[in-house]
2 protein chains.
Amino acid sequence: MSVPDIKDLVDRYIAVSFSVEKKAASLVKDQIGSDLTNDQHFTLRYINQAGSCTSSELAEVFDVKKSAITAMITRMWEKGLVQRTRDENDRRVVYLTLTEKGNELYVKAEEKIHILVESFINKFDQTEIQQFIETFEKLDKVLSQTNGQ
Amino acid sequence: MSVPDIKDLVDRYIAVSFSVEKKAASLVKDQIGSDLTNDQHFTLRYINQAGSCTSSELAEVFDVKKSAITAMITRMWEKGLVQRTRDENDRRVVYLTLTEKGNELYVKAEEKIHILVESFINKFDQTEIQQFIETFEKLDKVLSQTNGQ
DNA sequence: TTTAACTGTTCAACTACTTAACTATTAACG
DNA sequence: CGTTAATAGTTAAGTAGTTGAACAGTTAAA
């Protein structure tokens with residue numbers, strides 16, 4: 001691959017990945033509506049799948065400082081979506097779980113996103129979709145390694 | 001494709017695309033440093049490539065309200081990165097252009113991101129990279145259509 | 001010429017994030 | 001055992017980015 005080729009590839013990669021990122025987030029936001037922000041939805045999603053988790057865990061997964069998690073969980077707690085429970089054995093630890101309301105809202109939002117993504121991937125054929133997911137999974141793997149340096 | 005298949009595909013798609021989005025943004029942020037935020041960098045990028053543009057144009061491209069653009073451009077103007085120039089023919093319009101400092105900072109940040117992305121895509125073979133870009137371009141195209149509804 | 005449409009700004013309110021200092025608790029080690 | 005380290009989470013001040021609604025000024029349309 002010659003020098004201008006790689007520069008051109010990198011250029012296209014940057015431009016189009018940024019564009020896709022912005023547009024996808026915007027679509028999801030429109031679909032979820034005003035009950036939940038994107039970040040709050042993905043927080044509910046994580047807690048739901050983990051059953052329960054800690055602030056430190058969320059901070060690592062979302063790659064933000066713990067104080068950012070405290071603030072977000074407080075906002076969600078004020079809306080009645082999550083609960084804080086202190087660990088009896090290690091009194092430093094606080095477990096986060098979904099309330100009934102939080103779970104309901106999560107399921108509703110998840111359904112909406114499923115419909116959105118399904119209608120979206122229906123615009124492509126099977127081979128293409130497999131390729132999309134393969135692409136994302138490969139990128140995700142290498143990004144995880146790069147982050148861990 | 002049976003029903004559980006498509007549900008599973010959608011699940012994987014949502015999870016992995018969110019993960020990639022977060023990690024990529026985080027890497028870029030680390031690379032750019034504290035001089036520029038991701039959004040400010042991509043705003044510089046857009047203005048640089050367009051030569052000059054308007055607030056309305058940016059609002060449409062980034063899919064945010066015009067007041068959000070006013071606020072961001074003001075922050076960048078305070079840092080001496082962009083200029084506002086009123087159109088002489090249509091006094092409603094304000095043209096945004098990069099200052100010398102803005103352009104320098106953009107070029108520097110762009111170099112950093114190029115090195116990052118290049119080292120990143122060097123971890124894959126040519127066929128894979130072509131596939132990545134193809135994937136993003138297909139997604140971008142359909143996302144644009146979906147947004148326009 | 002009045003009315004409508006458009007461009008951009010201001011303001012209040014909100015989400016999200018960082019840094020730094022802090023509390024409370026547990027673990028480590030001499 | 002007791003002092004010191006590390007760990008989990010919170011608080012507070014400051015910044016970035018966003019929305020919605022009201023607004024000023026300008027241009028286009030009726």
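Chain letters run A, B, ... following the sequence lines, proteins first and then strands; every chain starts at 1.
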What residue among A/Lys29, A/Lys112, A/Glu110 forms side chain to side chain donor-acceptor pair (under 3.5 Å) with A/His41? A/Glu110
At less than 4.0 Å, is any side-chain N or O atom of A/Lys66 found next to OP1 or OP2 of D/dT7? Yes or no. no
Considering every strand and a 4.0 Å limit on heavy-atom distances, what is the contact class for A/Ser67: base, sugar-phosphate, or nothing? base
Using a cut-off of 4.0 Å on non-hydrogen atoms, how would the nucleic acid contact of B/Thr70 be classed: base, sugar-phosphate, or nothing? base
Please give, in whole Å, the distance from C/dT15 P to A/Ile73 CD1? 14 Å
What contact category does A/Ala71 fall into here, base, sugar-phosphate, or nothing, at under 4.0 angstrom with non-hydrogen atoms? nothing
side-chain N/O B/Ser56 vs C/dC6 OP1/OP2, d < 4.0 Å: no
A/Tyr13 ring center near B/Phe132 ring center (under 6.0 Å): no
When the distance from CE of B/Met76 to C1' of D/dT15 is rounded to whole Å, what number comes out? 15 Å
Within residues 83-101 of chain A, residues whose heavy atoms come under 4.0 Å of DNA chain C: A/Asn89, A/Asp90, A/Arg91, A/Arg92
Taking atom types as modelled and ignoring hydrogens, do the side chains of B/Ser26 and B/Lys22 form a donor-acceptor contact shorter than 3.5 angstrom? no
Path from A/Val107 to A/Leu105 over hydrophobic side-chain contacts below 4.5 Å: yes
Atom CG of A/Asp35 to atom C1' of C/dT15: distance rounded to whole Å? 15 Å
Gap between atoms CE and C1', on A/Met72 and C/dC14 respectively (whole Å): 15 Å
Does a salt bridge link B/Lys7 with B/Asp11, judged by any charged N lying under 4.0 Å from a carboxylate O? yes
ILVMFWY clustering at 4.5 Å (side-chain atoms), partners of B/Val93: B/Tyr95
State which of D/dG17, C/dT15, D/dT19 makes the closest approach to the side chain of A/Thr37. C/dT15
Using atom CZ of B/Phe62 as one end and atom P of D/dA16 as the other, report the distance to the nearest whole Å. 17 Å
How many Å lie between CD1 on B/Ile69 and P on D/dG20, as a whole number? 15 Å
I need the B/Trp77 CH2 to B/Ile73 CD1 distance, nearest 0.5 Å. 12.0 Å
Can you work out whether A/Lys22 or A/Glu57 has the more 5'-proximal nearest nucleotide on DNA chain D? A/Glu57
Value in whole Å for how far the C1' atom of C/dA16 lies from CG of A/Asp63: 14 Å
Looking at the angle O4'-C1'-N9-C4 for a purine or O4'-C1'-N1-C2 for a pyrimidine, is D/dA5 syn or anti, with syn meaning within 90° of 0? syn
For A/Arg75 and C/dC14, is the shortest distance between a side-chain N/O and OP1 or OP2 below 4.0 Å? no
Just checking, is any N or O donor in the side chain of A/Lys138 or B/Gln131 under 3.5 Å from an acceptor N or O on the other one? no
Base-pairing assignment for D/dT11 (Watson-Crick or G-U wobble, both under 3.5 Å): C/dA20
Under a 3.5 Å cut-off for both contacts, is D/dT4 paired Watson-Crick or G-U wobble with anything, and if yes, with which nucleotide? C/dA27
Atom-to-atom span, CD of B/Glu78 to C1' of D/dA16 - whole angstrom: 12 Å
Would you mind classifying the nucleic acid contact of B/Lys65 as base, sugar-phosphate or nothing, using non-hydrogen atoms under 4.0 angstrom? sugar-phosphate
